[in-house]
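First the structure, in the form of structure tokens, and then the observations on it.
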Amino acid sequence: MIFTNFREIDKAGRIVISKDIRNHLNIQAGDILHIEADSECITIKKAESKCVFCNSLDNLKEFNNKYICADCLNKLTH
């Protein structure tokens, strides 16, 4: 099923993702979204893997089905 919405961007540059799309993608308040843009398209995806401490999406290592970034791992080990 494809969901299509038309939304206006507010003065702060925000858009609202409709409840039916959030439910379909299991997006909850506080989830991290990955946003990409090319010359004519914006893509928004739910980011599944993020550091449990800082929510970073970069340089992740998996441990017991959780993720930790290299920076936080370094802080923990020193």
Side-chain angles (χ1 to χ4, degrees):
M1 173 181 262
I2 296 176
F3 294 90
T4 302
N5 294 156
F6 293 90
R7 296 285 189 236
E8 184 176 330
I9 297 175
D10 72 10
K11 291 180 182 179
R14 298 173 294 209
I15 60 169
V16 173
I17 300 173
S18 65
K19 185 177 181 178
D20 58 339
I21 291 176
R22 292 192 322 268
N23 287 343
H24 177 71
L25 296 175
N26 193 29
I27 295 172
Q28 307 292 322
D31 285 348
I32 303 296
L33 300 179
H34 179 232
I35 303 171
E36 289 182 331
D38 62 24
S39 61
E40 58 188 59
C41 183
I42 298 171
T43 304
I44 302 172
K45 299 187 256 184
K46 183 176 178 183
E48 292 293 334
S49 303
K50 60 185 176 181
C51 177
V52 296
F53 296 109
C54 71
N55 292 325
S56 173
L57 303 173
D58 300 323
N59 301 316
L60 298 175
K61 304 287 184 190
E62 185 175 0
F63 179 74
N64 288 344
N65 297 318
K66 304 283 184 186
Y67 292 91
I68 184 170
C69 71
D71 289 341
C72 289
L73 182 60
N74 187 39
K75 290 175 187 174
L76 287 171
T77 58
H78 288 93

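Interatomic distance, CD of Glu8 versus CD1 of Ile15, reported as 12.0 Å (0.5 Å rounding). Here CG of Asn55 is found 9.5 Å from CG of Asp31. Values are rounded to the nearest 0.5 Å. We find the SG-NZ distance between Cys69 and Lys75 to be 7.5 Å, quoted to the nearest 0.5 Å.
For the side-chain contact (heavy atoms from CB on, under 4.5 Å) test with Phe53, the passing option among Leu76, Leu73, Asp71 is Leu76; the others fail.
A side-chain donor-acceptor contact under 3.5 Å links Lys46 to the backbone of Asn26. Put simply, the side chain of Arg7 never gets that close to the backbone of Ile17: no donor and acceptor are under 3.5 Å apart. Remark: side-chain polar atoms of Asn64 are not paired, donor with acceptor, to backbone N or O of Lys66 under 3.5 angstrom.
For the pair Val16/Arg14, no side-chain contact is recorded, criterion being any heavy-atom separation below 4.5 Å from C-beta on. Contact of the Asp20 side chain with the Asn5 side chain is registered, since non-hydrogen atoms from C-beta on lie closer than 4.5 Å.
With hydrophobic clusters built from ILVMFWY side chains whose heavy atoms lie under 4.5 angstrom apart, Val52 does not share a cluster with Leu60. Cluster membership for Ile42 and Leu57, using ILVMFWY side-chain heavy atoms within less than 4.5 angstrom, is not shared. Hydrophobic clustering of Ile, Leu, Val, Met, Phe, Trp and Tyr side chains at less than 4.5 Å, counting indirect connections, unites Leu33 with Phe3.
Taking all atoms of both residues into account, the shortest heavy-atom contact from Ile68 to Cys72 is CG1-CB, 3.8 Å. Residue Ser56 comes nearest to Asp58 through the heavy atom pair OG-N, 3.1 Å, listed as atom of the first residue, atom of the second, then distance.
Other residues, nucleotides and ligands contribute over 12 non-hydrogen atoms within 6.0 Å of the CD atom of Glu62.
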Intermediate values then yes/no, side-chain contact (heavy atoms from CB on, under 4.5 Å), His34 and Ile32: CA-CA 7 Å; His34 179 232; Ile32 303 296; over 6 Å; no
